[in-house]
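Comments concern the structure below.
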Amino acid sequence: MKAIFDDRQWHHDPKHFMASGALKPNPEQPRRIEILTRGAEDAGCRFQAPADAGLGPIAALHSAEYLTFLETIYARWQRIDGAGAEVIPNIHPSGRTDSYPKSAVGQAGYHQADTACPIAAGTWEAAYWSAQTAVTGADLLIGGERSAYALSRPPGHHAFGDLAGGFCFLNNSGIAAERLRLAGLRPAIVDVDVHHGNGTQGIFYDRDDVLTVSIHADPERFYPFFWGHAQERGTGRGLGYNLNLPLPRQTGDEDYLKTLGIALHRVRNFGADVIVVALGLDASIDDPFQGLAVTQDGFARIGAAFAATGLPVLFVQEGGYVSDTLGVNLTRVLGGFQEAQ
Ligand SMILES: [Zn+2]
């Protein structure tokens, strides 16, 4: 399987993350790249650098206002007296109005949903190339490949059209799906990250041309809290084109795989001709977030289930944090897919 990654994705190195009022080291560390690269290579992947498709595929889903913010905010932040080393908001609009603040502090609150998406010197460049990695993955499928793995990092599925959050800046899986759609395909996004893909849901919520499905730990007591409930089914033309499958905490392989079966049944009845897997590996029993309890064998079965659809599949990396099995879990998903093909 071909895999894609760009060295500029190393340049995002977030230091902090606020959890339950405590300042903690940010778990979305560049070190993940090394582990995931090895995991993919152990499954037989060969890496290549992405092409630069420019801003077009990114701006197809993200507002120009937001992209300007991401590109310029770090330099502007540095001019604030006494500012910290990273852009982290300290105020959020309780509900947005038509007014858009001019100040860097105001815009940070407007465009950053939480404290888990700090922006520093290399963030824009890394996020840009993480998105290009997904775009090249889509282009490989458009060119006739049956599968590809995009090592997109920083991840993307919590990013809305004009809002960063949860370690995410640009919605890589969504950008890839839109690229596939514009090439005449009918994509379904299946998000297996332990956290609900709220940004992806938000971007496609009123659309019927991209199916969005997410399997995740129940958001009643888990990030992202405000989205991911089963009753969120889409709106307008999009009603019935968003499927949320929340699972109780610590759900293991059998119930997870059963739920994936429901997801893939919906994908088939959508008439999808290509699948984008938003491949979080944090549903692992070993992941520090401890949301679900998928084993290494479970990950192999997830890969095999996608292969059994017979559809071309683009795997786009989402979450999954440093543990003893992070790399192995990736090897097992991609290996399980290839063995079952
Ligand atoms: Zn996650």
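Quick caveat, the model's predicted, so the values are computed rather than measured.
A salt bridge links D297 with R332: at least one charged nitrogen is closer than 4.0 Å to a carboxylate oxygen. With respect to the salt-bridge test (charged N to carboxylate O, under 4.0 angstrom), the residues E254 and R301 qualify. In summary, E86 and K15 do not engage in a salt bridge, as defined by a charged side-chain N under 4.0 Å from a carboxylate O. The pair E178-R181 meets the salt-bridge criterion, since a charged nitrogen lies less than 4.0 angstrom from a carboxylate oxygen.
The two residues A131 and I175 come nearest to each other via the heavy atoms CB-CD1, 4.0 Å. Annotation for A176 and L314: closest pair CB-CD2, 3.7 Å, computed over non-hydrogen atoms. Taking each heavy atom of N26 and Q29 in turn, the nearest pair found is O-CG, 3.3 Å. Considering all non-hydrogen atoms of both residues, D162 and H111 come closest at O-ND1, 2.9 Å. Across every non-hydrogen atom of P118 and Q112, the tightest pair is CA-NE2, 4.4 Å. Scanning both residues, A43 and G335, for their nearest heavy atoms gives CB-N, 4.1 Å.
Hydrophobic clustering, with ILVMFWY side chains joined whenever heavy atoms are under 4.5 angstrom apart, keeps V316 apart from L330. Taken together through direct or relayed side-chain contacts under 4.5 Å among Ile, Leu, Val, Met, Phe, Trp and Tyr, W227 and F167 form parts of separate hydrophobic clusters. In terms of hydrophobic clustering, with Ile, Leu, Val, Met, Phe, Trp and Tyr side chains grouped at heavy-atom distances under 4.5 Å, Y205 and L211 are assigned to different clusters. W10 and Y149 fall within the same hydrophobic cluster, where Ile, Leu, Val, Met, Phe, Trp and Tyr residues are linked whenever their side-chain heavy atoms come under 4.5 Å apart, directly or through other members. Placement of V213 and L281 within a single hydrophobic cluster is found when ILVMFWY residues are connected by side-chain heavy-atom separations under 4.5 Å, directly or transitively.
Residues K258 and I262 form no side-chain contact, since every pair of their non-hydrogen atoms from C-beta on lies 4.5 Å or further apart. Residues F47 and L151 have side chains in contact (heavy-atom distance under 4.5 Å, counting atoms from C-beta outward). A heavy-atom distance below 4.5 Å is found between the side chains of H229 and E220. R249 places none of its side-chain heavy atoms less than 4.5 Å from the side chain of D218. Side-chain contact between I302 and F337: absent, with no pair of heavy atoms (C-beta onward) separated by less than 4.5 Å. Using a 4.5 Å cut-off on side-chain heavy atoms (C-beta onward), Y256 and D253 make no contact. Counting heavy atoms from C-beta outward, R76 and V87 have side chains that stay 4.5 Å or more apart. In this structure the side chain of T72 never reaches within 4.5 angstrom of the side chain of W124, judged on heavy atoms.
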Practice prompt. Start with the C-alpha distance between Y241 and F204, add both sets of side-chain angles, then the distance that settles side chain to side chain contact (heavy atoms under 4.5 Å, CB included), and finish with yes or no.
Written response: CA-CA 9 Å; Y241 293 87; F204 295 105; over 6 Å; no
Worksheet entry | Residues T200, N171; criterion side chain to side chain donor-acceptor pair (under 3.5 Å); working and verdict | CA-CA 7 Å; T200 315; N171 197 304; 3.1 Å; yes
Practice prompt. Determine, step by step, whether T123 and L70 satisfy the side chain to side chain contact (heavy atoms under 4.5 Å, CB included) criterion, reporting the C-alpha distance in whole Å, the side-chain angles of both residues, the deciding distance to 0.1 Å, and the verdict.
Written response: CA-CA 8 Å; T123 301; L70 287 180; 5.9 Å; no
Item to complete: Under the side chain to side chain contact (heavy atoms under 4.5 Å, CB included) rule, what do N198 and F226 come out as? Steps first, then yes or no, please.
Response: CA-CA 9 Å; N198 56 333; F226 314 113; over 6 Å; no
Item to complete: For the pair Y128 and D52, evaluate side chain to side chain donor-acceptor pair (under 3.5 Å) and give the outcome as yes or no after the intermediate values.
Response: CA-CA 10 Å; Y128 178 89; D52 187 356; 2.5 Å; yes
Practice prompt. Show your working on side chain to side chain contact (heavy atoms under 4.5 Å, CB included) between I33 and F5 and close with a plain yes or no.
Written response: CA-CA 9 Å; I33 294 169; F5 176 74; 3.4 Å; yes
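Panel note: side chain D114, backbone G166; a donor-acceptor pair is recorded below 3.5 Å. S147 contributes no side-chain N or O that, together with a main-chain N or O of V313, makes up a donor-acceptor pair within less than 3.5 Å.
Here the options are H158, Q201, H216, the test is side chain to side chain donor-acceptor pair (under 3.5 Å), and the partner is H196; only Q201 passes. The one candidate from Q9, E28, Q317, H12 that meets the side chain to side chain donor-acceptor pair (under 3.5 Å) condition with R153 is E28.
In this structure, NE2 in H62 is found 10.5 Å from CG in L163, a value given to the nearest 0.5 Å. For the atom pair CG of D209 and CZ of R186, the computed distance is 8.0 Å after rounding to the nearest 0.5 Å. Separation of atoms OG1 (T309) and NE2 (H265) is listed at 13.5 Å; rounding is to 0.5 Å. Rounding to the nearest 0.5 Å gives a distance of 10.0 Å between CG of N172 and CD of Q132. Separating the CG atom in D286 from the OG1 atom in T325 is a distance of 3.5 Å, to the nearest 0.5 Å. Between the CD1 atom of I88 and the CZ atom of F17 there is a distance of 11.0 Å, given to the nearest 0.5 Å.
Legend: residues meeting ring-ring contact (aromatic ring centres under 6.0 Å, His included) with F306, ordered by chain and number and at least two apart, are absent.
Taking the six-membered ring where tryptophan is involved, the planes of Y223 and H195 are perpendicular, since the angle between them exceeds 60° and thus also 30°.
Under 3.5 Å, the side chains of S173 and E318 contain a donor-acceptor pair of N or O atoms. D287 and S323 form no side-chain donor-acceptor contact under 3.5 Å, judged by distance and modelled atom types alone.
Side-chain rings of Y110 and Y100 approach one another, their centers coming within less than 6.0 Å.
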